[in-house]
Amino acid sequence: MIEIQRIREQQDEVLNGLSKRNIDATKEVEQILILDKEWRGQKTALQNLEAELNSISKQIGQLFSAGKKAEAQEMKAKTLELKTAVQSVKKIEEGLENEIKSLLYTLPNVCTSDVPKGIDESANEIIEEHGTSPSKEKAKTPHWDLAKTYNLIDFEMGVKVTGAGFPFYRGQGARLQRALVSFFLDEASNAGYEEYVSPLMVNENSGKGTGQLPDKEGQMYYIPADDLYMIPTAEVPLTNIYRDVLLPDANFSIKLTGHTPCFRREAGSYGKDVRGLNRLHQFEKVEIVRIETPENAENALQEMIRHVKKLLEALGLQYRVLRLCGGDTGFAAAITYDFEVYSAAQDKWLEVSSVSRFDTFQSNRLRLRFKDENKKSRLCHTLNGSALALPRIMAALLENNQCAEGIKIPECLTRYTGFEMITKKG
RNA sequence: GGAGAAUUGGCAGAGUGGUCGAUUGCGGUAGUCUUGAAAACUAUUGUACCGAGAGGUACCGGGGGUUCGAAUCCCUCAUUCUCCGCCA
């Protein structure tokens, strides 16, 4: 949620940032400012009425204790009028507040000046590209066929037991998955991130805190009996650890990591993008989350980008880094960098990581603040990134490393898998 | 799941209808004293919002209610602890 003060004080900058997403929010912003002015007037009026009521109540108390019952009764009559006035002004004030809030909730985050303007992925900027992939002749089989040949992933079994998009990994496939998780977690720990095992379901407040609710309601699995949501990413529980937190000083840099399954309904997805591991309802991911001062946020972002690059290089995958245009940037993010690995067999770039700065968009909802040098409360900045999402990494590894003997495991993983080659015998 | 008890400021812990944003202790901060430190003493020490300011309003687990007035009474939800039941 954009800070109301920011809209009051930097209206042009806000509108400009939103225009990167091809959104003209002029009307909404004007409406918010009108309502805000009205709200402040009503708030002041309400508080004045309450002050008067408080003071009369106090006098009544004094009269009673002095034994002057008749006078007290007389005073009581006066409060009646005030009380109804308080009630009606309060109703108006609360109505305005809710109206402002729901308008604010509809506005996505303000993009930074680096974000290119654009409607969809075609306007994303390719920042850099590294590594090489085998030729299409060498890496000719797509991962869904390899998964079958080597008994690594069973999609049909998943359909039987649960439904489409919930595959079983088995044998060396399951083992490879576990190896990737361990590798990613160890790398995150080595980089100073504290490892967490988090709940996989969250309450409504947590969903609101990180911006999944109310915007992406339909994308999460919901359990009505207990009013809980299955997490779409570890970002939600990890960031919400710091909901309603006021850090005592500016001397902090909070780095968290966690591995969780992620549950996404992916309503509206279809076609060949969903083939194999490309799009699932349940998948594994290692997430890194940071909470920083506004001054440190950009540095942290660059550090996270380097971290992800290091992982992809260790895995020996060809990858590129994209700076997302406004239209492709998520609702809550101020700027997002996507990482894609190249799959020769599919002749496609597959998104495997998304690293974002949220500035104060999440912390405003979370009420996550710190005390600055002047003892003033300020909102923290939050950031997060995938490091990494497993399925497409798995797909690219299987496809790019296929050879006559089987599928070669990258060196950085063999200490976790216990084998160097996936073979038909297992 | 059943029964009982509890939830108050950074922590501990008073407060059962009015002068309580809240006694007190510990902790924190500043000062006095001291060569320095400790001790002692003094002062200060929650958050948010409205207001140009003076000042005001709200918050005692969350929400609702009774009352002129609620930390205090009522309803409801959540959480914690104890006992019982069930169970990986």
Side-chain angles (χ1 to χ4, degrees), chain A residues 1-9 32-104 197-209 213 222-229 237 240-252 254 261 360 362-380:
Chain A
M1 186 158 66
I2 305 172
E3 294 161 80
I4 184 88
Q5 296 94 320
R6 192 169 171 192
I7 294 179
R8 281 183 205 144
E9 288 157 22
I32 287 170
L33 288 171
I34 289 168
L35 290 170
D36 181 54
K37 199 173 174 192
E38 175 72 12
W39 171 76
R40 286 150 82 182
Q42 295 291 339
K43 182 90 178 171
T44 306
L46 173 67
Q47 291 184 351
N48 287 340
L49 288 170
E50 283 174 333
E52 204 177 330
L53 196 58
N54 283 346
S55 113
I56 291 180
S57 294
K58 204 171 256 185
Q59 287 172 45
I60 292 174
Q62 283 163 354
L63 287 173
F64 266 118
S65 56
K68 300 175 181 168
K69 283 198 178 153
E71 286 176 52
Q73 290 297 342
E74 211 171 297
M75 293 284 274
K76 265 197 193 183
K78 266 208 230 169
T79 62
L80 217 70
E81 206 179 316
L82 270 175
K83 248 185 122 177
T84 51
V86 165
Q87 272 167 4
S88 70
V89 175
K90 194 170 196 174
K91 210 168 177 184
I92 294 167
E93 184 264 336
E94 281 173 353
L96 286 166
E97 193 178 10
N98 287 334
E99 225 176 310
I100 293 166
K101 216 171 207 176
S102 56
L103 270 173
L104 283 173
V197 176
S198 84
L200 304 181
M201 295 184 199
V202 293
N203 56 31
E204 188 184 351
N205 277 340
S206 293
K208 280 187 181 160
L213 295 174
Y222 175 60
I223 296 105
D226 298 286
D227 198 18
L228 294 172
Y229 296 84
N240 272 283
I241 292 171
Y242 285 88
R243 173 150 49 82
D244 283 316
V245 167
L246 176 54
L247 298 163
D249 53 49
N251 187 24
F252 66 91
I254 295 164
T360 58
Q362 290 184 327
S363 60
N364 189 31
R365 292 179 172 209
L366 293 160
R367 272 156 297 142
L368 164 54
R369 296 156 300 159
F370 69 99
K371 289 267 194 195
D372 68 9
E373 311 74 46
N374 305 316
K375 302 272 178 204
K376 276 204 160 174
S377 298
R378 288 174 66 196
L379 292 171
C380 299

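Below, read A as the first sequence line, B as the second, and so on, with proteins coming before strands; counting in each chain starts at 1. Scope of the values below: all heavy atoms of this structure, side chains included, with no hydrogens, waters or symmetry mates. Just so we're clear, the structure is a prediction, and the values are computed from it rather than from any experiment.
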* Are A/Ser57 and A/Asn54 close enough that a side-chain donor and a side-chain acceptor fall under 3.5 Å? -> no

* Which nucleotide, B/A48, B/C49, B/U19, lies nearest any side-chain atom of A/Ser377? -> B/A48

* So what's B/U29 paired with, Watson-Crick or G-U wobble, going by both distances under 3.5 Å? -> B/A43

* Structure fact -> Out of B/G69, B/C50, B/U19, minimum distance to the side chain of A/Ser57 belongs to B/G69

* Gap between atoms CG and P, on A/Leu368 and B/U47 respectively (whole Å) -> 16 Å

* Do A/Tyr229 and A/Met201 come close enough that some side-chain heavy atom pair is under 4.5 Å? -> no

* Asked: Which whole-number value in Å describes the distance from A/Gln59 CD to B/U67 P?
  -> 21 Å

* Please check the phosphate of B/C50 (OP1 and OP2 only) for any side-chain N or O of A/Asn48 closer than 4.0 Å. => no

* Asked: Roughly how far apart, to the nearest Å, are B/C87 and B/U79 at atom C1'?
  -> 22 Å

* Which nucleotide in the list B/A48, B/C49, B/A58 gets nearest to the side chain of A/Lys43? -> B/C49

* Structure fact -> Taking for A/Glu52 and for A/Ile56 the nucleotide of RNA chain B with the nearest heavy atom, the one nearer the 5' end belongs to A/Glu52

* Taking a pair as Watson-Crick or G-U wobble with both distances under 3.5 Å, which nucleotide is matched to B/U72? -> none

* To do: Give none if B/C87 has no partner; otherwise give the nucleotide forming a Watson-Crick or G-U wobble pair with it, both distances under 3.5 Å.
  => none

* If the C1' atom of B/A70 is compared with that of B/A22, how far apart are they to the nearest Å? -> 13 Å

* Asked: Which whole number of Å gives the distance between the C1' atom of B/C26 and that of B/A78?
  -> 30 Å

* To do: Determine the Euclidean distance between corresponding C1' atoms of B/C73 and B/G25; express it in Å to zero decimal places.
  => 30 Å

* side-chain N/O A/Arg367 vs B/A48 OP1/OP2, d < 4.0 Å -> no

* Should A/Lys76 be listed as having a side-chain N or O under 4.0 Å from OP1 or OP2 of B/G69? -> no

* Structure fact -> Answer for the Watson-Crick or wobble partner of B/U57, both distances under 3.5 Å, is B/A48

* For B/U45 versus B/U72, give the span between their P atoms, rounded off to a whole number of Å. => 26 Å

* To do: Determine whether more than 12 heavy atoms belonging to other residues, nucleotides or ligands lie under 6.0 Å from atom CD of A/Glu81.
  => no

* Structure fact -> Rounded to whole Å, CG of A/Leu379 lies from P of B/U47 at a distance of 15 Å

* Asked: Toward the 5' end of RNA chain B, which comes first, A/Gly41 or A/Leu46, by nearest nucleotide?
  -> A/Gly41

* Scan A/Lys371 against the nucleic acid and name what it touches under 4.0 Å (heavy atoms): base, sugar-phosphate only, or nothing. => sugar-phosphate

* To do: Look through every strand shown and name the nucleotide pairing with B/A78 as Watson-Crick or G-U wobble, where both distances are under 3.5 Å.
  => B/U7

* Sidechain-backbone polar pair: A/Ser363 side chain, A/Cys380 backbone, donor-acceptor under 3.5 Å -> yes

* Asked: Between B/U16 and B/G2, how far is it from one P atom to the other, in whole Å?
  -> 32 Å

* **Euclidean distance for P, B/C11 against B/G55 (whole angstrom)** => 30 Å

* Nearest to side-chain heavy atoms of A/Phe64, which nucleotide of B/U19, B/C68, B/U57 -> B/C68

* May I ask you to decide whether A/Glu74 forms a salt bridge with A/Lys78, counting only side-chain N to carboxylate O separations under 4.0 Å? => no

* Asked: Are any of A/Arg40's side-chain N or O atoms less than 4.0 Å away from OP1 or OP2 of B/C49?
  -> no

* Grab the NZ-C1' distance between A/Lys375 and B/G46 for me, whole Å please. => 13 Å

* Would you classify A/Ile60 as touching base, sugar-phosphate or nothing, given that sugar-phosphate means primed atoms plus P, OP1 and OP2, and contacts are heavy atoms under 4.0 Å? => base

* Asked: Does any nucleotide pair with B/U19 by Watson-Crick or G-U wobble geometry, both distances under 3.5 Å, and what is it?
  -> none

* Asked: Any donor-acceptor pair under 3.5 Å linking the side chain of A/Asp249 with the backbone of A/Asn251?
  -> yes

* **Nearest-Å distance once atom P is located in both B/U44 and B/U24** => 12 Å

* To do: Hunt down the Watson-Crick or G-U wobble partner of B/G36, both distances under 3.5 Å, from any strand shown, or write none.
  => none

* Structure fact -> In this structure, CG of A/Leu35 is separated from CG of A/Asn98 (nearest 0.5 Å) by 11.5 Å

* To do: Give a yes/no on whether any side-chain N or O of A/Thr79 is located under 4.0 angstrom from OP1 or OP2 of B/G69.
  => no

* Which nucleotide, B/C68, B/C50, B/A58, lies nearest any side-chain atom of A/Leu53? -> B/C68

* **Side-chain touch A/Val86/A/Leu46, heavy atoms, less than 4.5 angstrom** => yes

* Spacing between A/Glu93 atom CD and B/A58 atom C1', to the nearest angstrom -> 10 Å

* Hey, does the side chain of A/Asn54 come within less than 4.0 Å of B/A58's phosphate (OP1/OP2), counting only N and O? -> yes

* Selection from B/C49, B/A48, B/C68 that lies nearest to any side-chain heavy atom of A/Arg369 -> B/A48

